[in-house]
Each structure stands twice: as C-alpha cells, then as structure tokens.
Amino acid sequence: MKPQLAPLPDAPVETPAGVITNLRHGGVKGSVSVLECLPGSTRSSHYHRSDSHDLFVVSGRMLYWERPVGSKDEGEAITVEAGQMISTGPMVEHLTFFPVRTVLVSMSDKSRTHEEHEKDLVRVQWR
C-alpha cells in the first residue's frame with residue numbers, strides 16, 4: 001500500500017493581500033496543532049485506534065510511510081513538500097522523517113490533549 005497525497009479542498013486563492021490556502025471546509029471538531037520538526041528527526045512510529053488526521057506541510061519537507069497494523073513491510077516513502085497534505089486514518093501505522101527543518105499543521109478528528117492522544121495511540125517499531 002503506497003500512501004497518496006490528500007487533495008486540498010480547493011485551489012489556493014491569490015488576493016492583493018497574499019494567498020489563502022483552505023485546508024478544510026467544516027469538520028474541524030477535533031484539534032489543530034502546529035508542529036516544528038528539526039532536521040533529521042522522526043515522529044509518529046505509531047497508529048491511532050480511532051483518530052484520523054491530516055498533515056499539511058507549511059514549510060520544509062516530510063517523508064511519510066504507512067502500512068497496515070501488524071505489517072513488517074517498510075514500503076516506500078512518499079515525499080510531502082510545502083503546500084501538500086497527507087491523510088492518515090485510524091488503524092494505519094505511520095512514520096514521518098524530516099530531512100530539513102519543517103513546520104506542519106496537524107488537523108485531527110478528535111480532541112488531542114497530550115493525555116487523550118497517548119490513550120488513542122499504539123507505538124510500533126519500524127527499523
């Protein structure tokens with residue numbers, strides 16, 4: 001299974017004041033978080049029991065892997081560049097790597113306090 005980029009709901013709109021990029025229309029009932037990721041760092045290496053989320057790369061670059069729960073297949077990474085988004089559903093193991101300083105926005109379907117996030121995820125080994 002190779003992950004696919006998630007389409008933005010519509011094309012960015014250029015105005016005299018700059019550009020507006022809509023990440024979602026409605027459905028933001030969970031959490032929206034900004035993550036700053038250092039060069040050479042990894043995140044994720046887990047799956048969520050019931051939560052899903054979209055990851056929008058604001059700046060930098062992210063390598064993203066996903067696989068079915070319990071699989072040992074490392075699969076191929078997809079590169080997510082600035083201005084692109086990827087979606088992760090529940091019960092999908094995923095791993096992210098940041099070759100450069102990266103800022104991304106995570107939009108989840110559920111509340112994401114640290115405690116709630118930890119209760120919903122299961123950590124896994126990738127390498």
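Residue numbers run from 1 in the order of the sequence given.
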Do [X] and [Y] land in one hydrophobic cluster if side-chain heavy atoms of ILVMFWY residues count as linked below 4.5 Å?
{"X": "Leu35", "Y": "Phe98", "value": "yes"}
{"X": "Val100", "Y": "Trp65", "value": "no"}
{"X": "Val32", "Y": "Leu8", "value": "yes"}
{"X": "Leu63", "Y": "Val124", "value": "yes"}
{"X": "Tyr47", "Y": "Leu95", "value": "yes"}

Partners meeting side-chain contact (heavy atoms from CB on, under 4.5 Å) with Pro90 (sequence neighbours left out): Ser52

Pairing residues for Val103 by the side-chain contact (heavy atoms from CB on, under 4.5 Å) criterion, not counting sequence neighbours: Val34, Glu36, Val58, Ser59, Arg101

Side chain to side chain, Ile78 and Gln4, heavy atoms closer than 4.5 Å: no

query: Are the side chains of Val80 and Met62 in touch, meaning some heavy atoms are under 4.5 Å apart?
result: yes

query: Which pairs, with at least one residue in residues 67-96 and sequence neighbours excluded, count as a ring pair (Phe, Tyr, Trp, His ring centres under 6.0 Å)?
result: His46-His94, His48-His94, His53-His94

Drop me the distance from [X]'s [atom1] to [Y]'s [atom2], to the nearest 0.5 angstrom.
{"X": "Thr79", "Y": "Tyr64", "atom1": "OG1", "atom2": "OH", "value": "13.5 Å"}
{"X": "Ser31", "Y": "His117", "atom1": "OG", "atom2": "NE2", "value": "9.5 Å"}
{"X": "Asp51", "Y": "Lys119", "atom1": "CG", "atom2": "NZ", "value": "14.0 Å"}

Over all heavy atoms of both residues, which pair between [X] and [Y] is shortest? Give the atoms and the distance, please.
{"X": "Trp126", "Y": "Glu74", "result": "O-OE2, 2.6 Å"}
{"X": "Ser50", "Y": "Lys110", "result": "OG-CE, 3.3 Å"}
{"X": "Gly60", "Y": "Thr102", "result": "CA-OG1, 3.8 Å"}
{"X": "Arg67", "Y": "Gln125", "result": "NH2-O, 2.8 Å"}
{"X": "Val69", "Y": "Val92", "result": "CG2-N, 4.1 Å"}
{"X": "Leu104", "Y": "Leu55", "result": "CD1-CD2, 3.7 Å"}

